Amino acid sequence: QAAVDRAVRATYTPGSKSFHRFITPAQWNARYAPTASTVAKVTSYLRHAGLANIQVSSNRLLVSAATTVGQAEKAFNTSLTSFVLSGVRRFANTRAAMVPAPLRGVVRAVLGLNNLPLTHVKPQLVKAAGPPALEAGLYPAQFNTTYHAKGTHNGSKTSVAVMTQGDTSSVITSLRYAEAKEHKPRVPVTVVPVGPQSTDESGATEFDMDTQVSTMVPGVVKRLYLYNIGSLYDTNIVAGINTFVADNQSQGLSASLGGCDIQAYLDGAMVASDISLQQGALQGQSFFASSG
């Protein structure tokens with residue numbers, strides 16, 4: 001970890017010999033990734049604990065497995081509790097997860113011990129005084145004026161990515177419609193499934209905005225990747241971020257997702273995504289999260 005910290009700092013320090021000299025996933029695996037023997041310790045422990053379908057990500061940062069409640073409680077010396085939240089039955093661990101002493105310093109987080117989704121807050125609308133305001137949006141050309149981006153290079157050599165969830169067919173249809181209306185070229189789209197998929201379309205409007213703005217404001221981009229996770233759980237979000245990094249196919253990932261920091265801190269998602277994003281930084285990748 002100390003070597004990774006130093007490498008990231010040097011990669012972004014002007015005057016350093018490695019300033020903006022980005023590495024490849026193969027170089028990451030050779031220099032900084034957990035070793036095969038280290039990963040074997042983790043997979044061996046999971047296997048002996050009865051977990052199944054054990055898989056290791058290509059950058060060796062995530063190990064996933066299928067388990068029962070009883071197996072998870074025993075393997076990580078924790079307790080999973082079922083409760084009702086906003087009318088939906090959820091589960092979460094009520095005691096911190098633990099790993100055996102030989103895995104100290106090897107395992108940084110244990111994810112998947114809860115199925116708490118990101119909180120969706122419906123804004124409270126109040127009636128404004130005076131005449132009604134005219135609703136208007138910014139079109140791609142107006143973005144460049146508003147954010148003083150006129151004269152910048154287009155994105156013809158740059159691939160971009162968006163994290164999506166659920167059925168993306170309507171998102172791609174909307175993108176094609178917007179491209180035609182704005183007389184923009186059709187960007188090639190690649191959907192990358194991350195884990196089990198769902199038919200949920202509740203976030204389609206948000207993903208419409210993400211895909212259209214990120215591809216049309218630059219004028220043109222090389223390709224759009226949709227890293228499509230199955231649900232808005234921290235476990236799946238971390239997997240989506242790590243897949244974007246391990247693939248290293250696009251230079252930027254945008255995610256219109258937000259939640260309470262304390263949840264990501266408590267369940268390990270924060271430290272897990274930080275480690276993945278350090279690799280991304282060494283590869284010249286950026287992660288963008290909406291705010292406000």
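Position 1 is the first residue of the sequence; numbering continues from there. Excluded from the calculations below are hydrogen atoms, water molecules and symmetry mates; all remaining heavy atoms, backbone and side chain alike, are included. Everything numeric here is computed off the predicted structure, so don't read it as measured data.
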State, without any angle test, whether [X] and [Y] hold a side-chain donor-acceptor pair at a distance under 3.5 Å.
{"X": "Asp5", "Y": "Gln1", "value": "yes"}
{"X": "Ser276", "Y": "Ser273", "value": "no"}
{"X": "Asn236", "Y": "Ser231", "value": "yes"}

Geometric class of the Tyr12/His20 ring pair [parallel <30°, tilted 30-60°, perpendicular >60°]: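 If you compare the ring of His20 with that of Tyr12, the planes turn out perpendicular.
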Whether Trp28 and Tyr32 hold their rings parallel, tilted or perpendicular, with breakpoints at 30° and 60°: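 The rings of Trp28 and Tyr32 sit tilted, inter-plane angle from 30° to 60°.
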Hydrophobic cluster of Phe83, others only, ordered by chain and residue number, side-chain cut-off 4.5 Å: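 Once heavy-atom contacts under 4.5 Å are chained together, Phe83 belongs with Leu85, Leu116.
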Results of side-chain hydrogen bond (donor to acceptor under 3.5 Å, both in side chains) for Arg31 - residues two or more places apart only: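 Not a single residue meets the side-chain hydrogen bond (donor to acceptor under 3.5 Å, both in side chains) criterion with Arg31.
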Contact summary for Gln285 and Asn248, nearest pair of heavy atoms: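 Shortest heavy-atom contact: CD-OD1, 3.3 Å.
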Are [X] and [Y] side-chain neighbours, meaning at least one heavy-atom pair lies under 4.5 Å?
{"X": "Leu175", "Y": "Asp208", "result": "no"}
{"X": "Asp200", "Y": "Asp167", "result": "no"}
{"X": "Ser250", "Y": "Val160", "result": "no"}

Any donor-acceptor pair under 3.5 Å from Asn115 side chain to Phe91 backbone: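 Here the side-chain-to-backbone pair exists.
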